[in-house]
Each structure stands twice: as structure tokens, then as C-alpha cells.
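Only one structure is covered here, and it is reproduced in the block below.
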Amino acid sequence: MKKMLALLLTAAMLLSMCTIGAMAEERELLVIDFYDEAANYHGIQTGWFAKVIKDRFNVELNIIAPQVAGEAVYATRAAEGNLGDVLIMDKNRFAECVEAGLVKDISDKLPGCENIMQYKLQIDTFNQNLGKAEGVYYGIPDQMTDTSPVTLTAEMVYSQPQIRWDLYKAAGAPKVADLDGLLDLLAKIHEIHPTNEAGDPAYPFTLWPDWDNNDNMSGPANVVQLTTWLGDKVKGAAILKPDNTFTKLTDETAGYYKITKFINKAYQMGLVDPESFEQDWNSVCSKISNGQVDLIWYNWEIGFWNSQERMDNGTAFQVIPLEDGLFYADADSYYGSTRAWGVGSKVEGAKYDRIMELLDWLASPEGLVFQHIGIEGFNYEVNADGTYSQLNDNALMDNLPTPAEYGGGGYQDGNNQINQWLCASICTNPATGETYDVKFWASYIEKTMTDMKREWMAHFDAKHAVDWMEKNGKLLASPNVSVSLAVDTNDITLIRNDINKVLCKYTWQMFAAETDDQFDALWAKMVKEMEGLDYNSLYEFDCAKWQVEVDAKVAAAEAFTK
């Protein structure tokens with residue numbers, strides 16, 4: 001039955017592709033401006049994904065990326081009254097833009113978008129939190145799921161220490177008690193692995209400053225994401241502790257201080273890439289793929305190294321848990337992530353129609369396969385039972401040439417530069433009954449059950465990282481909720497900008513402190529300057545702001561776990 005369903009769906013998709021292709025040729029070419037706070041690319045989308053979109057809709061995507069072009073692009077475009085045709089931005093800023101008249105009311109079109117409206121509850125909740133009446137739609141949450149607000153599907157949390165298994169074993173495969181133990185391990189690994197195979201220098205830590213102050217957090221992402229190893233979650237200028245109370249970023253018993261000190265200890269031990277202070281994420285990405293990085297912490301970074309060959313020969317990255325850690329993890333993004341999608345208020349007529357068609361396709365099974373999996377016959381093949389098996393698992397990391405019918409060029413170069421998805425990869429693909437996320441396919445699990453995985457499972461007595469955390473009481477799973485949070489006043493905006501500049505400036509200086517005394521002096525100077533800029537008012541504002549979310553999480557935990 002599953003095989004027949006898959007064949008029918010495939011036939012329907014092919015027929016749809018032919019129909020859409022013919023319709024696209026009959027329509028004029030449109031350039032759609034995507035104002036996209038998540039993008040790491042600025043300009044016209046090129047390559048295979050551009051061809052997929054053009055063949056279906058005869059549109060080109062022009063990505064406007066503040067992370068690349070600079071935050072001033074927001075102020076300039078907002079002042080002109082036209083941020084872009086499609087908007088992808090932080091939910092709080094999205095709410096501001098709705099109030100400022102920069103976002104279009106899409107109530108006339110959205111109910112007809114059958115794929116998007118599979119997530120009606122999530123979309124209704126988001127728009128009602130914007131203060132809109134039932135049936136009035138301005139935005140769509142980003143990365144919605146079809147699971148539940150308290151489900152944690154992942155086998156890895158968003159951030160945890162990951163080290164190449166061969167290097168870990170070469171260093172004695174020790175259990176890591178704490179952050180100091182991790183540094184001792186990394187020091188041994190640096191002795192073993194000072195360069196990659198080409199002779200380029202390799203370091204345990206390689207950092208990048210271009211993600212500073214992102215995603216409702218203050219300070220370098222390199223610090224903020226690692227505070228979650230200790231159960232702390234940075235919320236604006238405050239830290240949410242494991243007991244659901246708040247403390248200041250400047251609290252020396254809390255995660256921001258501890259992780260900044262941890263990175264400085266690594267620096268004093270010679271474990272930090274000296275190019276960390278100027279390079280951008282793209283440089284780091286290349287270094288991971290080149291084997292110049294010994295420690296990674298985002299769960300998705302393994303995509304730049306962990307090929308099947310490396311899984312087979314035991315050189316892939318694996319999670320190395322901290323025995324005294326407490327790993328904060330957000331549950332599945334049922335109600336969406338911290339961002340939202342919308343349509344610019346200046347969009348009208350044929351462009352409006354085309355944009356809504358495109359957005360609905362991006363939430364369709366075909367669109368989600370292209371976004372989360374890739375190209376049939378290149379990234380995956382269909383099995384006899386209708387499920388999928390992965391092909392060319394190194395397509396992204398090695399930038400493999402794509403098939404000629406998709407325009408050729410490197411796969412990574414032509415990958416979806418929007419870098420966000422209306423529906424998360426853990427949603428279920430109706431053609432297979434499995435997720436769009438390759439990691440959960442039966443074929444992938446069987447294929448990747450290597451000697452390395454068996455060694456890891458025996459060494460840590462767990463099936464995977466989340467299983468280890470659950471067994472050992474080291475997982476702090478936070479329910480996913482959708483709430484309306486207070487928007488920064490003009491005064492708070494000014495204070496936040498000033499505070500964030502000071503926080504980042506001194507944090508980067510502290511990373512490179514030559515002595516503990518120098519580190520302590522810089523920390524004290526930073527705290528004094530932050531307090532002089534009215535940090536206390538910002539902290540109180542953020543505590544009140546994020547308490548709304550905390551209360552909703554507590555309520556969701558009670559409601560969905562009964």
C-alpha cells in the first residue's frame with residue numbers, strides 16, 4: 001500500500017511539475033525580494049535551487065541579508081516603507097513591522113494555501129498573539145512541526161560538544177567530567193592533530209564574530225550557545241536559569257561568565273584559532289570541511305564533515321557529553337521558531353499571487369523534499385517500499401557538481417539561500433511515512449550503524465546523545481510555545497544597542513586575555529560600563545518580557561503531559 005501511495009504521489013508530482021512548468025513559461029519573469037534575517041548570502045539565488053524555482057514559478061529570488069549587508073539595511077528600507085516582497089524576521093521585529101504598516105494583510109489569500117494551512121492551529125495562534133481577530137492573517141511562523149509542543153524528536157540537542165571519534169580515542173577516550181576536563185582532552189587532541197592532512201593549522205576552537213547579538217540574545221553566539229551546556233539560556237540581556245528564574249549576564253556564578261572564562265582558558269592554552277577574531281562564518285565552514293576544526297557545537301555542523309566514508313572509518317564527529325553538564329534543549333518547534341514569514345505591504349497584483357503560490361509550494365511535500373533532502377537521483381533514491389535512501393551524503397560538504405538538468409554548478413553553491421523553512425525537517429513526508437530529516441529514515445539508521453556508532457553506544461551506555469542525557473538526568477527540555485512578547489521601547493532600543501556593543505567588545509577582548517588578572521580587569525570594566533549605560537533597566541525589562549514565555553512553557557508542560 002505504501003509503495004502504491006508513493007507511486008501515485010510521484011506521478012501526481014510529475015504531472016504537477018509539467019503543468020507548473022508550462023504555466024511558468026507563459027508568465028513574465030518576476031524578481032522577488034526576500035528580506036531575510038537568517039540568510040548568510042546577499043544577492044540573486046543561483047544554481048540548482050534557483051532553477052527549481054524558476055521552472056515552477058518563473059521567478060528569481062533576490063536575497064537581502066542583514067547578516068551580510070549590515071543591520072543598517074533594515075533602517076534604510078524601513079524608512080523607505082518597503083522592506084521587501086517576502087519578509088523573514090524575528091517575531092518581535094515582525095510585530096513591530098505589522099504595527100508600522102510594513103507587512104501585508106494576507107487574509108484574502110492564505111486560507112486558500114492548502115499546504116500552509118495544514119498548520120492552521122499554529123498560524124492562528126501566532127496571528128492572535130499579534131492582536132489580530134480570528135481569521136485575520138499577517139504572518140506565518142517559521143519551522144512549524146506536525147508533532148507536539150512537548151515532543152523532543154532529536155537525537156542530539158541544538159548545542160553540545162562534538163569531537164572527531166578517532167581523535168577522541170587517540171587521546172585516551174576519557175569520560176569528560178566538566179569544562180576543565182574538556183580543555184584537558186582538547187589539549188591532548190591538539191598535540192595529536194596540530195594540522196590537517198594538507199598541513200594547514202588545526203585548532204580545537206575556531207570562532208567567528210558575525211553572528212553576535214543574534215536571535216534575541218546578547219553577546220557573541222560563540223558564548224551564548226555554549227551557556228546551554230550548563231542549563232542556562234540567554235534571553236535578551238538576562239539569563240534564564242534551570243529553575244525558571246532569571247539572573248544577570250554579569251552574574252559570575254552564571255553561564256555567560258563561565259563560558260567566556262572557558263574560552264579564555266582555551267586561548268591561554270593555545271587552543272583557539274588566532275584567525276577567530278576577524279574571520280566570518282563562511283571561513284569557519286570551509287575550515288570544518290577541511291579538517292581544521294576539532295570541536296564543533298551546533299548539531300547541524302556535522303553536515304560539513306560527517307560523510308558515510310567517515311562514519312565507516314571512524315573519523316566522524318560524535319557527541320562527547322559533559323558529566324556535570326545540564327543541556328538546555330527546546331522541544332520541537334511546533335508553534336514555530338523565533339522567526340516569522342510575511343509579505344511586504346507594497347506587494348500587489350500578479351506579484352502577490354505568485355508569491356503566495358511560491359510560499360504554499362515551499363510548504364508542500366515536493367517543496368519540502370527539495371529544501372530538506374534535495375534532488376531525486378542525486379541526493380536520494382526511492383526504495384521499493386516507497387521510502388527513501390540517501391545518495392551523495394557529501395554533496396554539501398564537498399560542493400559536488402549537480403546534474404546538468406539542474407543547471408550544473410556546485411551543490412552547496414546552489415543550495416537554498418533563504419536558509420529558513422516554513423515547515424521543519426522533522427515533519428512527516430506523506431510519500432514515505434518518514435520525516436524529511438534523513439537522520440530518522442530507516443535506511444539511514446541501518447546504513448549508518450557503523451562500528452564507530454557501536455563503540456560510542458557501548459562507551460556511553462546509550463543509544464544516542466539525548467538518550468544519554470535523559471538516562472543521566474542531564475536534559476532540560478523546554479516546551480515550545482507561541483506568545484506575544486513586549487516590544488522594545490525607543491529608550492530600551494538605545495540601551496540595548498549600547499549594552500550589546502559593550503558586551504561584545506569586552507567579551508572578544510576577554511577571549512584573548514593573556515592572564516587571569518587581565519581577564520578579571522576586563523570583566524570588571526565591562527560590568528561597570530554596562531551599569532553606567534543603565535543595564536539594570538534593560539535587565540528588568542527583559543525579565544518581565546520573557547516571564548510571559550516562561551509562564552506559557554510551564555502551562556504547556558502541564559497541559560500536554562497529562
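None of the values given here were measured: they were computed from a predicted structure.
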Regarding [X] and [Y], is there a side-chain donor-to-acceptor distance under 3.5 Å anywhere?
X    : Y    : value
D105 : S107 : yes
S333 : N480 : no
K553 : S478 : yes
N536 : E540 : no
T151 : D332 : no
E531 : T250 : no
D280 : S283 : yes

[X] versus [Y]: any side-chain heavy-atom pair under 4.5 Å?
X    : Y    : result
M144 : F126 : no
Q160 : N299 : yes
E134 : Q128 : yes
Y137 : D124 : yes
L538 : D534 : no
W341 : I116 : no
L207 : W508 : yes
E348 : K104 : yes

How many angstroms lie between atom [atom1] of [X] and atom [atom2] of [Y], to the nearest 0.5 angstrom?
X    : Y    : atom1 : atom2 : answer
N500 : D498 : CG    : CG    : 9.0 Å
H372 : S425 : NE2   : OG    : 5.0 Å
H42  : I63  : NE2   : CD1   : 10.0 Å
F34  : I32  : CZ    : CD1   : 6.0 Å
I499 : L533 : CD1   : CG    : 4.5 Å
I53  : I418 : CD1   : CD1   : 6.5 Å

*asked:* For Y256, run the side-chain hydrogen bond (donor to acceptor under 3.5 Å, both in side chains) check against T507, D251, T227 and tell me which one passes.
replied: T507
Tell me whether the rings of [X] and [Y] are parallel (<30°), tilted (30 to 60°) or perpendicular (>60°).
X    : Y    : value
F49  : W361 : tilted
W281 : W211 : tilted
F317 : W305 : perpendicular

Looking at [X] and [Y], would you say the former's side chain and the latter's main chain have a donor-acceptor pair under 3.5 Å?
X    : Y    : value
N419 : A38  : yes
E96  : V487 : no
D142 : A340 : no
D90  : R339 : no
N92  : A486 : no
Q371 : G367 : yes
T125 : S482 : no
N399 : Q412 : yes
N40  : N282 : no
Q67  : A39  : yes

Can you name the closest pair of heavy atoms from [X] and [Y] and give their distance?
X    : Y    : value
A254 : T247 : CB-CG2, 3.8 Å
N429 : P365 : OD1-CB, 4.4 Å
A221 : D212 : N-OD1, 3.9 Å
V466 : L475 : CG1-CD2, 4.1 Å
G325 : K474 : O-CD, 2.8 Å
P66  : D36  : CD-O, 3.4 Å

_Assess the residue pair K525 and Q509 against the criterion (side-chain contact (heavy atoms from CB on, under 4.5 Å)); give the C-alpha distance rounded to whole Å, side-chain angles, the decisive distance to 0.1 Å, and a yes or no._
CA-CA 11 Å; K525 191 173 182 182; Q509 289 179 12; over 6 Å; no
*Around atom NZ of K346, are there more than 12 heavy atoms of other residues, nucleotides or ligands at under 6.0 Å?*
no
Assess [X] against [Y]: is NZ or CZ under 6.0 Å from the centre of the six-membered ring, and within 45 degrees of the ring's axis?
X    : Y    : result
R93  : Y74  : yes
K132 : Y138 : yes
K109 : Y352 : yes

*Could you please spell out the steps behind the salt bridge (Lys or Arg N to Asp or Glu O under 4.0 Å) verdict for K287 and D273?*
CA-CA 11 Å; K287 287 180 176 180; D273 180 354; 2.6 Å; yes
_Residues T245, D243; criterion side chain to side chain donor-acceptor pair (under 3.5 Å); working and verdict_ = CA-CA 6 Å; T245 63; D243 64 358; 2.5 Å; yes
*Checking side-chain contact (heavy atoms from CB on, under 4.5 Å) for the pair N497/T493: CA distance, chi angles, key distance, verdict?*
CA-CA 6 Å; N497 289 340; T493 297; 3.8 Å; yes
*asked:* Would you say the ring centers of F205 and F262 fall short of 6.0 Å from each other?
replied: yes
*asked:* Pair L485, K91 - check side-chain contact (heavy atoms from CB on, under 4.5 Å), show working.
replied: CA-CA 9 Å; L485 301 175; K91 284 179 176 177; over 6 Å; no
*Where do M526 and E529 land on the side-chain contact (heavy atoms from CB on, under 4.5 Å) test, with the steps shown first?*
CA-CA 5 Å; M526 180 189 76; E529 286 193 25; 6.0 Å; no
